[in-house]
There are 2 protein chains.
Amino acid sequence: MSDRSQRRRELTRAEIKGAARAQLVKAGPSAISLRAIARDMGITAPALYRYYPALDSLILELCTDLYVELRLACEGARDLVPAEDHVKRLQDMAREFRRWVLAHPAETALIFGPPMPGVEQFHEQCVDLSHAGAQFGQIFIDPLLALHAQGRLPVGKALVEHEEVPADVYTFFLNAWTQFYGLIMAEAFGHLSWAVTDAEPLFEAQLEAFTESLVS
Amino acid sequence: MSDRSQRRRELTRAEIKGAARAQLVKAGPSAISLRAIARDMGITAPALYRYYPALDSLILELCTDLYVELRLACEGARDLVPAEDHVKRLQDMAREFRRWVLAHPAETALIFGPPMPGVEQFHEQCVDLSHAGAQFGQIFIDPLLALHAQGRLPVGKALVEHEEVPADVYTFFLNAWTQFYGLIMAEAFGHLSWAVTDAEPLFEAQLEAFTESLVS
DNA sequence: TTAGATTAGTGAACACCGTTAACGCAAGGA
DNA sequence: TCCTTGCGTTAACGGTGTTCACTAATCTAA
């Protein structure tokens, strides 16, 4: 296989993923369909099997891409803040996280919702830092480690062990993570629409409470 | 239509929902299929349209049933605690909420996950207390109102208005709600499997932190 | 009791879906 | 030049929700 054709192949794979994402955005995760993708590309459905062994693997790769995109967005927001200001870096990453989620509800449903046929494997395969999901989590752990080194993390219980991160830092991270995950996902999934039209004040209040929980 | 046949009709509707739930439990929300239900019942698929106008409406009714079941479970746990001990009532309701969710992952994915074709309408229709979703939320609000009357709720910002509940109580409720929703759903959806095998210590720690946040 | 209306069920059909198999065609390398 | 490899096709299998036309049974009212 020549370089030329290999590059062409990679281009086609990208086009397939692009079409899949268009389906996802237009009609939700369950609407991703090989036949519709093929129709959009002007080819027939079986041809797609030259590039992906099954629909599941396509969705799995799409998940990875989305996690990378989300991480890059948060890193972009982070890098606008001076590297020493770990607190504001965390705040702006969380804000960008929420912004991205609300701007991409369908993508969020895919990667943060309950396990779907192709997505289930994604989270099962998340074992080390080479995994896109772990890399996303890491960008939030890093500033916490820096704050910990400065003694600014409140001493709490160490409930969860981790190979590289001190257990108390990791526990602190998980507590904060699930807290923001809950607010953002409840808002994104429409489970707060009965209570509030705009959850931003709640989010900002939570962010403020988080900041105040840090040792200054 | 006679009473006799109307009762028989309601019985068939219940049998349909039972078959649908069996599909749900066995293979997830997207596996609920009219043809499979019909097959299980020994009839043909079009016959089901005598009882439900479409698959969506069946799923919608199933959602309502599940919310009622979840509420009854939590109320059952609540009623084992003396009516005056509002704090322990809240704790045990939260524990039962988590227990039910972990024992029913498929049902949880349906009613607490991202919007599916039939479920979307469910949350949109949640406008007053006649809605099963609102009734579920109410059982958590009631003890908070009692604590508020005793002056045991910490004074916080009033960010969210509500017709019947004071805004500061409602804000406190939403903050606590999203916090526990986050931890429980992250666990149920497998988004914590990379970090921890059993999230119960994290949950109990959050519960304890919540309790300590109350004025004693 | 009989005639008419209502109800529950059937089978065929349409338009989708993922996936597999067999086949043709064109480009690449020996 | 041959012939292997890759890319695409058509046909087909079994699955899905849904609609339509029709039958058989049951319930109602004259």
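Chain identifiers are assigned alphabetically (A, B, ...) following the order of the sequence lines, protein sequences preceding nucleic acid strands; residue numbering begins at 1 within each chain.
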Kindly compute the distance separating CG (A:Asn175) from CD (A:Gln179), expressed to the nearest 0.5 Å.
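Result: 8.0 Å between the selected atoms.
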Grab the [atom1]-[atom2] distance between [X] and [N] for me, whole Å please.
{"X": "A:Asp56", "N": "C:dC17", "atom1": "CG", "atom2": "P", "result": "16 Å"}
{"X": "A:Gln23", "N": "C:dC16", "atom1": "CD", "atom2": "C1'", "result": "13 Å"}
{"X": "A:Ile32", "N": "C:dG18", "atom1": "CD1", "atom2": "C1'", "result": "14 Å"}
{"X": "A:Tyr49", "N": "C:dA21", "atom1": "OH", "atom2": "P", "result": "12 Å"}
{"X": "B:Ile16", "N": "C:dG9", "atom1": "CD1", "atom2": "C1'", "result": "12 Å"}
{"X": "B:Tyr51", "N": "D:dT18", "atom1": "OH", "atom2": "C1'", "result": "18 Å"}
{"X": "A:Gln6", "N": "C:dG28", "atom1": "CD", "atom2": "C1'", "result": "14 Å"}
{"X": "B:Arg7", "N": "D:dC27", "atom1": "CZ", "atom2": "C1'", "result": "15 Å"}

Give the minimum heavy-atom separation between B:Met116 and B:Pro29, together with the two atoms involved.
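Looking at all heavy atoms of both residues, the shortest contact is SD-CB, 3.5 Å.
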Mapping A:Arg35 and B:Arg35 onto DNA chain D by nearest heavy atom, which one lands closer to the 5' end?
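Going by which nucleotide is closer to the 5' end, it is A:Arg35.
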Check the pair A:Leu66 / A:His104 against side chain to side chain contact (heavy atoms under 4.5 Å, CB included), numbers first and verdict last.
CA-CA 10 Å; A:Leu66 291 174; A:His104 303 84; over 6 Å; no
How is B:Arg8 classified with respect to the nucleic acid when contacts are heavy atoms under 4.0 Å: base, sugar-phosphate, or nothing?
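Sugar-phosphate contact only - B:Arg8 comes under 4.0 Å of backbone atoms but never of a base.
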Touch class at under 4.0 angstrom, heavy-atom based, for B:Leu58 against every strand present
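No contact at all - B:Leu58 keeps every heavy atom at 4.0 Å or more from the nucleic acid.
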Working for ring-ring contact (aromatic ring centres under 6.0 Å, His included), residues A:Tyr181 and B:Phe189:
CA-CA 12 Å; A:Tyr181 170 91; B:Phe189 297 162; 7.5 Å; no
[N], OP1 or OP2 - any side-chain N/O from [X] closer than 4.0 Å?
{"X": "B:Thr44", "N": "C:dG11", "answer": "no"}
{"X": "B:Arg9", "N": "C:dA8", "answer": "yes"}
{"X": "B:Arg39", "N": "D:dT16", "answer": "yes"}
{"X": "B:Ser33", "N": "D:dG17", "answer": "yes"}

Considering only [options], which nucleotide approaches the side chain of [X] most closely?
{"X": "B:Ala54", "options": "C:dG9, D:dT16, D:dT18", "value": "D:dT18"}
{"X": "A:Arg50", "options": "D:dC22, C:dT19, D:dG8", "value": "D:dG8"}
{"X": "B:Ala45", "options": "D:dT18, D:dG8, C:dC17", "value": "D:dT18"}

May I ask you to check if A:Arg98 and A:Phe180 form a cation-pi contact, with NZ or CZ under 6.0 angstrom from the six-membered ring centre and within 45° of the axis?
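No, a cation-pi geometry is absent between A:Arg98 and A:Phe180.
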